[in-house]
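I have placed the structure first, in the form of structure tokens, so that the comments after it can refer back to it.
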Amino acid sequence: MSGYHGYERESGGGGGRRGMWEEEPARRRRMPDPVRASAVRAVLIVAVTLTQATITFFLTITGSWLAFPMALGAVAGTIVATWGVLDVVITRQTWNQRHGVVSEPSSTARAGRSARAVRESRGPGRIPREDGTLTAFGRR
């Protein structure tokens with residue numbers, strides 16, 4: 001063990017050793033699997049499209065015959081990459097709508113709910129309106 005320059009020697013022996021790293025709690029929750037899959041797909045599509053656009057640029061500068069077909073491919077890749085990014089947004093929104101989002105009602109929603117409770121406590125019946133069509137004739 002005389003030639004070993006490992007972790008035990010630096011930390012002063014084997015007692016009370018720490019690991020090489022410590023687990024930290026995640027700052028954000030993990031994305032749902034369908035959203036993460038579409039995000040990975042979008043990143044790969046965008047990366048390929050950017051690589052294709054770069055190659056097209058260099059082929060155009062050198063005057064190669066491949067520049068025109070690659071330019072058409074880059075345009076098509078841009079359309080597909082836009083679809084990929086929109087797919088992430090739509091998948092995320094669909095997931096939130098299907099599985100619920102934790103949200104608190106706004107102050108206007110609370111006001112509507114409390115006004116409804118007051119109306120219901122008065123008993124069943126119609127709420128008198130003063131702006132209806134029959135108001136002009138003096139009837140309520």
Side-chain angles (χ1 to χ4, degrees):
M1 182 119 108
S2 61
Y4 181 69
H5 299 289
Y7 186 76
E8 290 93 2
R9 188 168 183 175
E10 293 174 5
S11 63
R17 257 178 65 182
R18 293 186 307 140
M20 292 182 75
W21 62 82
E22 295 179 13
E23 294 283 334
E24 293 183 7
R27 294 183 190 151
R28 293 172 42 178
R29 290 183 341 183
R30 182 175 162 169
M31 282 191 291
D33 288 339
V35 178
R36 192 157 23 108
S38 65
V40 168
R41 189 169 46 243
V43 166
L44 291 175
I45 291 171
V46 168
V48 168
T49 302
L50 287 175
T51 304
Q52 188 177 13
T54 304
I55 292 171
T56 302
F57 173 73
F58 288 128
L59 287 174
T60 304
I61 288 178
T62 59
S64 174
W65 66 272
L66 278 174
F68 182 69
M70 286 291 286
L72 292 177
V75 169
T78 303
I79 293 169
V80 172
T82 305
W83 168 83
V85 173
L86 284 176
D87 182 44
V88 174
V89 173
I90 292 169
T91 306
R92 183 173 180 263
Q93 185 65 29
T94 304
W95 176 269
N96 287 339
Q97 287 177 356
R98 286 185 182 164
H99 299 287
V101 179
V102 178
S103 63
E104 297 178 8
S106 64
S107 59
T108 56
R110 277 189 228 109
R113 188 172 51 223
S114 62
R116 191 177 328 118
V118 168
R119 275 188 261 132
E120 290 173 0
S121 66
R122 291 183 190 160
R126 300 190 65 148
I127 300 171
R129 291 185 55 181
E130 298 181 12
D131 61 342
T133 56
L134 299 177
T135 312
F137 299 108
R139 296 168 56 186
R140 287 191 178 188

> Can you list every pair that meets salt bridge (charged side-chain N to carboxylate O under 4.0 Å, His left out) and has a residue in residues 61-72, with sequence neighbours left out?
Replying inline: none
>> By the salt bridge (charged side-chain N to carboxylate O under 4.0 Å, His left out) test, which pairs, at least two apart or in different chains, include something from residues 55-77?
In response: none
>> Could you work out, with salt bridge (charged side-chain N to carboxylate O under 4.0 Å, His left out) as the rule, every residue matching Glu23, not counting sequence neighbours?
In response: none
> Which pairs, with at least one residue in residues 46-70 and sequence neighbours excluded, count as a salt bridge (charged side-chain N to carboxylate O under 4.0 Å, His left out)?
Replying inline: none
>> On a heavy-atom basis, which atom in Ala53 and which in Ala74 lie closest, and how many Å separate them?
In response: CA-CB, 4.5 Å
What pairs of donor and acceptor atoms, side-chain ones from residues 61-70 against any protein atom, are under 3.5 angstrom apart with sequence neighbours left out?
from: Thr62; atom 1: OG1; to: Phe58; atom 2: O; distance (Å): 3.2
from: Thr62; atom 1: OG1; to: Leu59; atom 2: O; distance (Å): 3.0
from: Ser64; atom 1: OG; to: Leu66; atom 2: N; distance (Å): 3.2

>> Which residues pass the side-chain contact (heavy atoms from CB on, under 4.5 Å) test with Thr94, not counting sequence neighbours?
In response: Ile90, Arg98
Would you mind writing out the side-chain donor-acceptor pairs for residues 34-49 within the sub-3.5 Å range, not counting sequence neighbours?
from: Arg36; atom 1: NH2; to: Asp33; atom 2: OD1; distance (Å): 2.4
from: Ser38; atom 1: OG; to: Pro34; atom 2: O; distance (Å): 3.4
from: Ser38; atom 1: OG; to: Val35; atom 2: O; distance (Å): 2.9
from: Arg41; atom 1: NH2; to: Asp87; atom 2: OD2; distance (Å): 2.9
from: Thr49; atom 1: OG1; to: Ile45; atom 2: O; distance (Å): 2.8
from: Thr49; atom 1: OG1; to: Gly77; atom 2: O; distance (Å): 3.2

> Between Thr56 and Thr60, which heavy-atom pair has the shortest distance, and what is it?
Replying inline: O-OG1, 2.7 Å
> Could you state the interatomic distance from CG (Asn96) to OG1 (Thr91), rounded to the nearest 0.5 Å?
Replying inline: 11.0 Å
>> Is there a continuous path of hydrophobic side-chain contacts, each under 4.5 Å between heavy atoms, that joins Leu50 to Val85?
In response: yes
